[in-house]
Amino acid sequence: MPSPESPSQVLVADASSGRIPVGETVVVKGWVRSRRESKAGGGLCFVTVHDGSCFDPIQVVARPALANFESEVLHLTTGCSVVVTGTLVESRGKGQATEIQADEVVVVGWVEDPETYPVAPKQHSFEYLREVAHLRPRTNTFGAVTRVRHTLAMSLHRFFDERGFWWVHTPIITANDAEGAGAMFRVSTLDVANGHVDFAQDFFGRETHLTVSGQLNVEAYCLAMSRVYTFGPTFRAENSNTARHLAEFWMVEPEIAFADLSDNADLAEACLKYVVKAVLEERGDDMAFFAERIDAGCIDRLEGLVASEFERMDYRDAVAALTKAVDDSVAFEFPVEWGMDLQSEHERYLTEQLVGRPVVVMNYPKDIKAFYMRINDDGRTVAAMDVLAPGIGEIIGGSQREERLDVLDGRIDELGLDRDAYWWYRDLRRYGTVPHAGFGLGFERTVAYITGMANVRDVIPFPRTPRNADF
RNA sequence: UCCGGGGUAGCUCAAUCGGCAGAGCACCGGCCUGUUAAGCCGUUUGUUGUGGGUUCGAGUCCCACCCCCGGAGCCA
């Protein structure tokens, strides 16, 4: 697509996709991925250039007639930035349909010391690449992850937009002091060097933290706008060191009015299927790479998810199935009994062994769930649900919310929470309350699930984890 | 935080019983070739995570600490 700055500039994606006709003069701007030489036909040099627009780089063919062939082109190394002007032609070699016969190669930026350039054209471990997070987007894998992540985000917005949802920007800084979703990061402008802290003197005149969920706030908008969702960063100060946890991550939280748990599960299933389908359709080149190099079964798994019905399973039945598994001598580390929370091993068994596709487990014991979840008629379970996916475990957690003020107050008291702290949340039950429900979808977990990447630290640009906030 | 594994060249790793610290890749040079994870030959590359201890001698054994990875917990 021509830009005003440079009339013939094209993206690599356009040049290699057939959108630009062969014979056109084009300008490509990007970074060198590799260079190869051949002495054939008087000598020539193949330079592959990527600009992030698609998975495959484009091959530039440079000939000795170029003014800077000896002095510069032959010295290009991985990572150099270049502007190439030339003719788009059908490739004479295998491996690509089209390539650029270069009329001019301008080197914009050299790699200062090729020997120590951190991203060599070879396989690196993901652990190592985390140490060079500013350069890892130049690799195949992280370019692909970045594009899939983008497509997933865009398709989520599209899914909700098409269904009449409003995107609500809930606050990052919160004074909700007991959201019940884990340890929080404090936000303060006070100098705490002397130990004693008087929050009345702090910036907001009270103790504040980074949000652990936009749910409570978005409920207020739900009870006015009917269908709403949040999509933004979330912060947890837990000392979690796993492939599934980040201190800063992104979460999608839809909330629907006049809806129950079943509506909620329907929404979750439709949402996951929609976005997975979108990635399969729009990022075929990147998904082919993930299937080839990262996770051979990822495309089959996704196509299966789109085609199949999610299994709905009551918590009671999940426990029964697990008990039966124990009887059939499946070995679990943790005992199975009604009232327990499902352990990772139990979730994996249900979704991977028993069912082989995503499972929605519903109606958990109230004692292991949050205060805002709606008490069922049996008085001992709540209308909560978890969506479990093979390979990643819990990918969605949600519930119908308690809309009855007296019942909500009872739960707040029962758990030793302070009613006054939830004054505005309780107001929503005093003024035109309605049944409503919602869920949280972990964005990074979803990207990991789709791509087959094993660690959420490798599907977010600059991961924040305990002892790591570099970059 | 708990359990387990690990930290050696720019990267990926090896190093026997405690006995001269090595290979592949990358980089650089040469040869070959419409090449494409190219191939062949050659050069260069070290505070063995940090601090202490044992020993004639420590990458290797002992102690402490730091960091990383995997699993668990917490959860999305």
Side-chain angles (χ1 to χ4, degrees), chain A residues 33-48 56-63 74-75 77-79 89-96 99 101 111 113-132 139-140 179-183 212-215 233-253 268 292-293 333-334 341-345 347-348 368-370 386-389 392-398 439-449 454-458 460 465-468 470:
Chain A
R33 179 151 281 153
S34 65
R35 177 178 57 80
R36 297 173 295 276
E37 292 168 47
S38 172
K39 288 289 176 0
L44 63 170
C45 181
F46 301 96
V47 184
T48 51
D56 286 317
I58 194 161
Q59 177 161 279
V60 172
V61 183
R63 293 188 176 279
L74 289 183
H75 301 288
T77 57
T78 304
V89 299
E90 286 180 21
S91 178
R92 287 165 55 188
K94 295 186 178 70
Q96 60 281 316
E99 62 191 20
Q101 283 286 348
V111 165
D113 181 5
E115 192 172 354
T116 57
Y117 180 62
V119 184
K122 54 167 287 191
Q123 292 247 331
H124 292 289
S125 67
F126 292 137
E127 292 82 2
Y128 166 71
L129 288 171
R130 281 174 215 150
E131 297 169 13
V132 288
T139 64
N140 281 333
E179 290 185 4
V212 294
S213 166
Q215 181 203 315
T234 304
F235 307 87
R236 305 273 168 91
E238 302 285 355
N239 188 13
S240 295
N241 297 289
T242 82
R244 302 181 306 282
H245 290 84
L246 294 163
E248 177 182 282
F249 66 99
W250 287 60
M251 187 157 62
V252 183
E253 297 175 286
E292 184 187 328
R293 291 296 180 89
E333 185 184 347
F334 293 90
D341 205 356
L342 298 183
Q343 304 291 324
S344 289
E345 58 177 352
E347 296 181 343
R348 272 202 310 275
I368 57 171
K369 290 295 183 179
D386 283 345
V387 179
L388 313 177
I392 190 88
E394 183 181 341
I395 197 168
I396 284 176
F439 63 80
L441 169 68
F443 189 61
E444 283 74 22
R445 287 186 183 177
T446 309
V447 177
Y449 175 73
N455 196 314
V456 290
R457 295 170 194 184
D458 300 322
I460 191 169
T465 53
R467 295 177 300 279
N468 182 13
D470 296 338

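In what follows, chains are A, B, ... by sequence order, proteins preceding strands, each numbered from 1.
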Can a donor-acceptor pair be found, under 3.5 Å and without considering hydrogens, that links the side chain of E37(A) to the backbone of C45(A)? no
Scan R33(A) against the nucleic acid and name what it touches under 4.0 Å (heavy atoms): base, sugar-phosphate only, or nothing. nothing
May I ask you to say what L246(A) touches in the nucleic acid, namely base, sugar-phosphate or nothing, with a heavy-atom cut-off under 4.0 Å? base
note: E347(A), atom CD; G71(B), atom C1'; distance rounded to Å ~ 15 Å
For F334(A) and G73(B), what is the distance between atoms CZ and C1' respectively, to the nearest whole Å? 7 Å
Could you tell me how far G19(B) sits from G57(B) if I compare only their P atoms? Round to whole Å. 14 Å
Donor-acceptor under 3.5 Å (N468(A) side chain, D470(A) main chain): yes
What is the distance from CD of E333(A) to P of G71(B), rounded to the nearest Å? 14 Å
Exercise: do T234(A) and R236(A) side chains pair donor with acceptor under 3.5 Å: no
In terms of side-chain heavy atoms of R36(A), which of A72(B), A38(B), U1(B) is nearest? A38(B)
Could you check which of C74(B), A72(B), C28(B) has an atom nearest any side-chain atom of T77(A)? C28(B)
Send over the distance from D470(A) CG to C67(B) P, rounded to a whole Å. 12 Å
Under-4.0 Å side-chain N/O to phosphate OP1/OP2 contact, R457(A) with C69(B): yes
To the nearest angstrom, the CG-P distance between D113(A) and A26(B) comes to 16 Å
Considering every strand and a 4.0 Å limit on heavy-atom distances, what is the contact class for Q59(A): base, sugar-phosphate, or nothing? base
Any donor-acceptor pair under 3.5 Å from S91(A) side chain to E99(A) backbone: no
Can you tell me how far the OG1 atom of T465(A) sits from the CG atom of L246(A), to the nearest 0.5 Å? 7.5 Å
Establish, with yes or no, whether the OP1 or OP2 oxygen of A72(B) is under 4.0 angstrom from a side-chain nitrogen or oxygen of T242(A). no
Same-atom distance (C1') from U12(B) to G7(B), integer angstrom: 14 Å
Runs of at least three consecutive pairs that involve RNA chain B, where pairs are Watson-Crick or G-U with distances under 3.5 Å: B:1-7 with B:66-72, B:10-13 with B:22-25, B:28-31 with B:39-42, B:49-53 with B:61-65
Taking the nucleotide of RNA chain B with the nearest heavy atom to each, does N468(A) or R35(A) sit closer to the 5' end? R35(A)
Base, sugar-phosphate alone, or nothing: which one does R244(A) contact when heavy atoms must sit under 4.0 Å apart? base
List, with names and distances, any nitrogen or oxygen atoms from the protein found under 3.5 Å away from nitrogen or oxygen atoms belonging to nucleotides 4-12 of chain B.
unit_1: C11(B); atom_1: O2'; unit_2: K122(A); atom_2: NZ; d: 3.4
unit_1: C11(B); atom_1: O2'; unit_2: H124(A); atom_2: ND1; d: 3.2
unit_1: C11(B); atom_1: O2; unit_2: K122(A); atom_2: NZ; d: 2.4
unit_1: U12(B); atom_1: OP1; unit_2: S125(A); atom_2: OG; d: 2.9

Short question: side chain of E345(A), backbone of E333(A) - any donor-acceptor pair under 3.5 Å? yes
Take R130(A) and D458(A), measure what side-chain contact (heavy atoms from CB on, under 4.5 Å) needs, and give me the verdict at the end. CA-CA 8 Å; R130(A) 281 174 215 150; D458(A) 300 322; 2.8 Å; yes
Interatomic distance, E345(A) CD vs C74(B) P [rounded to whole Å]: 12 Å
Regarding E248(A), tell me which of base, sugar-phosphate or nothing describes its non-hydrogen contacts under 4.0 Å with the strands shown. nothing
Looking at C69(B), I'd like to know if its phosphate oxygens (OP1 or OP2) sit under 4.0 Å from a side-chain N or O belonging to R130(A). yes
Does R35(A) use its side chain to pair, donor to acceptor, with the backbone of L74(A) at less than 3.5 Å? yes
Expressed in whole Å, how much space separates the P atoms belonging to C65(B) and C25(B)? 41 Å
Criterion side-chain contact (heavy atoms from CB on, under 4.5 Å) on I396(A) and D386(A), from CA distance to verdict: CA-CA 6 Å; I396(A) 284 176; D386(A) 283 345; over 6 Å; no
Answer yes or no: does a side-chain N or O of R236(A) lie under 4.0 Å from OP1 or OP2 of C75(B)? no
Distance, C1' atom - from U50(B) to C31(B), rounded to whole angstrom: 47 Å
Roughly, in whole Å, what's the span from CG in L342(A) to P in G73(B)? 11 Å
Using a 3.5 Å distance criterion without hydrogens, assess whether the side chain of T242(A) forms a donor-acceptor pair with backbone atoms of R244(A). yes
Main chain of R33(A), side chain of T78(A): is a donor-acceptor contact present, judged purely on distance under 3.5 Å? yes
Between Q101(A) and L44(A), is a side-chain contact (heavy atoms from CB on, under 4.5 Å) present by the stated rule, with each step listed? CA-CA 11 Å; Q101(A) 283 286 348; L44(A) 63 170; over 6 Å; no
Sugar-phosphate only, base, or nothing, as touched by E99(A) at under 4.0 Å among non-hydrogen atoms: base
H245(A) atom NE2 is separated from G71(B) atom C1', nearest whole Å, by 13 Å
More 5' along RNA chain B: R293(A) or A247(A), using each one's nearest nucleotide? R293(A)
I'd like a table of atom pairs between the protein and nucleotides 29-33 of chain B - only N or O on both sides, under 3.5 Å - with the distance next to each one.
unit_1: U33(B); atom_1: N3; unit_2: E37(A); atom_2: O; d: 2.8
unit_1: U33(B); atom_1: O4; unit_2: E37(A); atom_2: O; d: 3.4
unit_1: U33(B); atom_1: O4; unit_2: K39(A); atom_2: N; d: 3.0

Can you tell me how far C1' in G29(B) sits from the matching atom in U45(B), rounded to whole Å? 16 Å
E253(A) side-chain N/O to G214(A) backbone N/O, donor-acceptor pair under 3.5 Å: yes
Using a heavy-atom cut-off of 4.0 Å across all strands, would you classify Q96(A) as base, sugar-phosphate, or nothing? base
Is there a side-chain contact (heavy atoms from CB on, under 4.5 Å) between F46(A) and V61(A)? Walk through the geometry before answering. CA-CA 5 Å; F46(A) 301 96; V61(A) 183; 4.0 Å; yes
Could you tell me whether N455(A) contacts a base, only the sugar-phosphate backbone, or nothing, with contacts defined as non-hydrogen atoms closer than 4.0 Å? sugar-phosphate
In whole Å, measure the gap between the P atoms of C27(B) and G52(B) for me. 39 Å
Sugar-phosphate, base or nothing in reach of G440(A), heavy atoms under 4.0 Å: sugar-phosphate
Classify S91(A) by what it touches in the nucleic acid, base, sugar-phosphate, or nothing, heavy-atom distance under 4.0 Å. base
Ignoring hydrogens and angles, answer whether the base of C75(B) and the side-chain atoms of S240(A) contain a donor-acceptor pair closer than 3.5 Å. no
Please give the distance between the P atoms of U47(B) and G4(B) as a whole number of Å. 32 Å
Between G49(B) and U8(B), how many Å separate the two C1' atoms, rounded to a whole number? 10 Å
Donor-acceptor pair, distance only, cut-off 3.5 Å: does the side chain of E444(A) make one with the backbone of R457(A)? no
